[in-house]
Novice: 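First, the structure itself, so that you have it in front of you.
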Amino acid sequence: MIVALLALLFGALVYSLLSIIAAFRYLGVLPPALSWREPISILKPLAGLDDGLEANLQTFFAQDYPSFEIVFAVREDSDPAVGVVEKLRRENPHVPTRLVVTGEPPYPNAKVFSLDLMLSVAANDLVVMSDSDIRVTPDLLRTVAAEFQDARVGIATCPYRSVPGESMWPRLEATGLNTDFWGGILVARMLEGMKFAVGATIIARRSVLRAIGGFQRLKEYLAEDFVMGKFAAEAGHGVILSSYVVENHIGSLGLRHNAAHRLRWVRSTRRSRPAGYLGQLFTMPVPLALIVCLADPTWWQVLPLTLFVRGVAAYVVSARVLHTRINWLLLPVEDLIGFCFWLAGFSGNIIVWRGRRYRLYPDGRFELLHTEADA
């Protein structure tokens, strides 16, 4: 058994080294110079008052770009986010905006329904789809417009650095997202190219979305961002990891909400990329080193080596790629918690999303579970 554990640990250490190489490969690709400012539509699905919502949305109004519009969507006009939107519209009358009230979605993925309706009224071919908890700098549109000057590019994913609130649980989650999660994305990009998308902010051409079947093809998938990129890559359209890094403000939710969010994430990921999910074990060298030491304490030397390699990889991804700092005390704690949630992802098919329960199917589709109160 110890030989098998050491082999797994060796693989995890190699993977950490690959993430360092992949990070520098990513940093070596610079965005091209902007020669044409193509008009852009920003699509913003909203639901309630996220922490810092007004500050997040204001950064999109403040884009240093000559031709863009912002399209918002809410489920009902009584949504408190409407007041924030109206305030920002009054303060920024020079920015063309629209507000779409969608009503109840007719299929499970309410976000896809909102995006579909927003796209139907959007004026431009190039669209930026961005969640409500995203914050950017004024050069977002300039950067992505330059990247889409390459006619081969159809879909782009913006990496994001997670910015937590004061609660401990989001701080732990942000530590994992800013290190091993994006390290894994960078390794996948290096080894096989971007054959998927990761959405907090995705840029796409309307023509490419239409070519892959539109949002109608995505409506029953929980990880619509992943399959959007997957379908585009399979159809021969270029999918890239943008050079622009956005901020994802994940708030200060407590343990119960954070655990539900993580379970939704791991269960969805296991169904979107089954082999890749199993391979995530190699992104967890610290738990593997601890297991080796528990199995045979004479191998204790692997633990400091593992902590060193893990620390260097975490630093390169977080500091050099995402431009954020690591809480070094939280990093090993998050490694162990992330390992526990990874194990939990192998069981269960029920998730909770914005207060509603859904059943996940093996192919990544999902359906709303109706309760007696809904009847």
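Note that the numbering runs from 1 along the sequence shown for the chain.
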Novice: Using a 3.5 Å distance criterion without hydrogens, assess whether the side chain of E69 forms a donor-acceptor pair with backbone atoms of V95.
Specialist: no
Novice: With rounding to the nearest 0.5 angstrom, report the CH2 to CG distance, W300 to D296.
Specialist: 13.5 Å
Novice: Would you say the ring centroid of F341 lies under 6.0 angstrom from that of W265?
Specialist: no
Novice: Can you list everything that forms a salt bridge (Lys or Arg N to Asp or Glu O under 4.0 Å) with D180? Sequence neighbours excluded, please.
Specialist: R310
Novice: Under the 3.5 angstrom rule, does the side chain of N327 hit a backbone N or O of L330 as a donor-acceptor pair?
Specialist: yes
Novice: Taking the six-membered ring for Trp, is the centroid-to-centroid distance between Y221 and F366 below 6.0 Å?
Specialist: no
Novice: Suppose we call two aromatic rings close when their centres sit under 6.0 Å apart. Are Y277 and F346 close by that rule?
Specialist: yes
Novice: Going by atom type alone, with no hydrogens or angles, which donor-acceptor pairs under 3.5 Å involve a side-chain atom of residues 7-26 and a protein atom two or more places apart or on another chain?
Specialist:
| from | atom 1 | to | atom 2 | distance (Å) |
| --- | --- | --- | --- | --- |
| S16 | OG | A12 | O | 3.2 |
| S19 | OG | S16 | O | 2.6 |
| Y26 | OH | S242 | O | 2.6 |

Novice: State which residues pass side-chain hydrogen bond (donor to acceptor under 3.5 Å, both in side chains) with R90; sequence neighbours excluded, sorted by chain then number.
Specialist: none
Novice: Report yes or no: is the cationic atom of R205 (NZ for Lys, CZ for Arg) under 6.0 Å from the centre of the six-membered ring of F148, at an angle within 45° of the ring normal?
Specialist: no
Novice: For E367, is there an ion pair with R357 - N to carboxylate O distance below 4.0 angstrom?
Specialist: no
Novice: Please determine if K111 and D131 form a salt bridge, counting it only when a charged side-chain N lies under 4.0 Å from a carboxylate O.
Specialist: yes
Novice: Going by atom type alone, with no hydrogens or angles, which donor-acceptor pairs under 3.5 Å involve a side-chain atom of residues 312-324 and a protein atom two or more places apart or on another chain?
Specialist:
| from | atom 1 | to | atom 2 | distance (Å) |
| --- | --- | --- | --- | --- |
| S318 | OG | A314 | O | 2.7 |
| S318 | OG | Y315 | O | 3.4 |

Novice: Output all residues satisfying side-chain hydrogen bond (donor to acceptor under 3.5 Å, both in side chains) with N258, sequence neighbours left out; order by chain, then residue number.
Specialist: E173, R262
Novice: The criterion is side-chain hydrogen bond (donor to acceptor under 3.5 Å, both in side chains); which residues satisfy it with Q280, sequence neighbours excluded?
Specialist: none
